2 protein chains.
Amino acid sequence: MSGARDLPHPDTATLLLTDVLFALSDPSRLALVRRLAQGPLEVAACQPTGGEVPKSTLSHHLKTLREAGVIRNVPEGRQRYVSLRRQDLDERFPGLLDAVLAAPSQ
Amino acid sequence: MSGARDLPHPDTATLLLTDVLFALSDPSRLALVRRLAQGPLEVAACQPTGGEVPKSTLSHHLKTLREAGVIRNVPEGRQRYVSLRRQDLDERFPGLLDAVLAAPSQ
DNA sequence: CGAATAGTTCAACTATTATCGAACCATGTC
DNA sequence: GACATGGTTCGATAATAGTTGAACTATTCG
């Protein structure tokens with residue numbers, strides 16, 4: 001596989017609850033999702049606040065979230081924009097994202 | 001550690017969202033939680049419907065759920081009763097369990 | 001007490017995930 | 001075209017999680 005321009009995103013109707021829960025069960029991924037709830041970010045801005053992490057590690061977490069259907073990752077010029085698939089998640093799993101975002105973050 | 005009569009259960013106020021999400025992210029554990037939503041079960045009845053699994057495997061999954069704070073596992077005579085910590089979860093993570101239970105199971 | 005029953009814990013092994021450097025791919029700029 | 005920039009993918013290794021048989025603990029019953 002080589003630098004595919006458009007990364008694959010699963011259809012809303014096929015999203016699996018267990019995949020979503022797993023993707024959200026990692027503290028750093030969950031923290032990112034909380035930030036994405038306030039608006040899209042470019043990949044570089046998805047770095048955990050405070051610590052720098054290698055690009056490949058960040059990309060791996062984005063992949064996990066994307067393949068679970070939690071985020072969308074689309075090219076935009078030379079960068080990529082990462083956004084929460086909020087409506088899709090609300091449609092498929094009503095109330096789930098709201099509950100997760102409302103929960104104590106620690 | 002030897003056959004402790006009363007297994008440890010985390011306090012409601014200390015439950016971590018990521019631990020709960022992780023515990024629920026396994027299909028067989030999630031299926032069990034759905035069944036527990038209808039009432040407590042003895043451990044033997046926690047077997048996945050259809051396939052038999054070794055006692056040790058089942059016990060391991062129960063431990064994961066218990067340590068995350070999702071279930072309670074209490075001795076009752078010679079058996080143990082497993083139940084959902086529904087109120088505790090609702091108190092700590094309002095709406096989460098409802099959303100999970102309402103979600104499509106596949 | 002001895003045996004049966006119900007389940008947890010231990011230890012070893014397998015499988016899945018996480019981490020990270022290096023290679024690679026597109027886009028934009030000179 | 002050459003090069004810098006922004007990111008993904010690959011491959012290897014480390015860490016974590018799942019699976020299971022065997023050993024062990026507690027309780028009940030004869």
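As the structure is a prediction and not an experimental result, all values here were calculated from the model. Naming convention: chains lettered A, B, ... in sequence-line order (proteins, then strands); numbering from 1 in each chain.
Two residues are said to be in side-chain contact when any heavy atoms from C-beta on lie closer than 4.5 Å; A:Leu96 and A:Leu17 meet this criterion. At a threshold of 4.5 Å between non-hydrogen side-chain atoms, the residues A:Pro104 and B:Phe93 count as touching. In this structure, A:Cys46 and A:Leu58 have side chains that are in contact, with non-hydrogen atoms separated by less than 4.5 Å. Contact of the A:Arg66 side chain with the A:Pro8 side chain is registered, since non-hydrogen atoms from C-beta on lie closer than 4.5 Å. Residues A:Leu15 and A:Leu89 are in side-chain contact: their nearest non-hydrogen atoms beyond the backbone lie under 4.5 Å apart. In this structure, the side chains of B:Thr18 and A:Leu24 stay at 4.5 Å or more apart for every pair of heavy atoms.
Linking ILVMFWY residues whenever their side-chain heavy atoms come closer than 4.5 Å, directly or via other members, leaves A:Val33 and B:Leu16 in distinct clusters.
The interatomic distance linking B:Leu65 (CG) with C:dT8 (P) rounds to 12 Å, in whole Å. Between the CD1 atom of A:Ile71 and the C1' atom of D:dG7 there is a distance of 13 Å, rounded to whole Å. Per the geometry, CG belonging to A:Leu21 stands 14 Å off P belonging to C:dT17, to the nearest Å. Taking atom CD of residue A:Glu52 and atom C1' of nucleotide D:dG6, one finds them 14 Å apart after rounding to whole Å. One can place CG of B:Leu41 at 15 Å from C1' of C:dG7, the figure rounded to the nearest angstrom. A:Gln79 has its CD atom 11 Å from the P atom of D:dT8, to the nearest Å. Distance, B:His9 NE2 to C:dT8 C1': 13 Å, rounded to whole Å. Note: CG (B:Leu58) to P (C:dG7) measures 9 Å, nearest angstrom.
Here the nucleotide nearest the side chain of B:Lys55, chosen from C:dG7, D:dT8, D:dG21, is C:dG7. Candidate nucleotides C:dC10, D:dT8, C:dG7 were compared by shortest atom distance to the side chain of B:Val43, and C:dG7 ranks first. In the set C:dG7, C:dC20, D:dT20, the nucleotide with an atom closest to the side chain of B:Arg80 is C:dG7.
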Short N/O separations, protein against nucleotides 12-18 of chain D, under 3.5 angstrom:
| unit_1 | atom_1 | unit_2 | atom_2 | d |
| --- | --- | --- | --- | --- |
| D:dG18 | OP1 | B:Arg29 | NH1 | 3.0 |
| D:dG18 | OP1 | B:Arg29 | NH2 | 3.2 |
| D:dG18 | OP2 | B:His60 | NE2 | 3.3 |

Report each atom pair, protein N/O against N/O of nucleotides 27-30 of chain D, whose distance is under 3.5 angstrom.
| unit_1 | atom_1 | unit_2 | atom_2 | d |
| --- | --- | --- | --- | --- |
| D:dT27 | OP1 | B:Arg5 | NE | 2.3 |

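Looking only at atom types and distance, the side chain of A:Arg85 has a donor-acceptor partner in the side chain of A:Thr12 under 3.5 Å away. Between the side chains of A:Arg29 and A:His61, at least one donor-acceptor pair of N or O atoms lies under 3.5 Å.
The phosphate of D:dG7 has neither OP1 nor OP2 within less than 4.0 Å of any side-chain N or O from A:Asn73.
Judged by distance alone with a 3.5 Å cut-off, no donor-acceptor contact links the side chain of B:Ser59 to the base of C:dG7.
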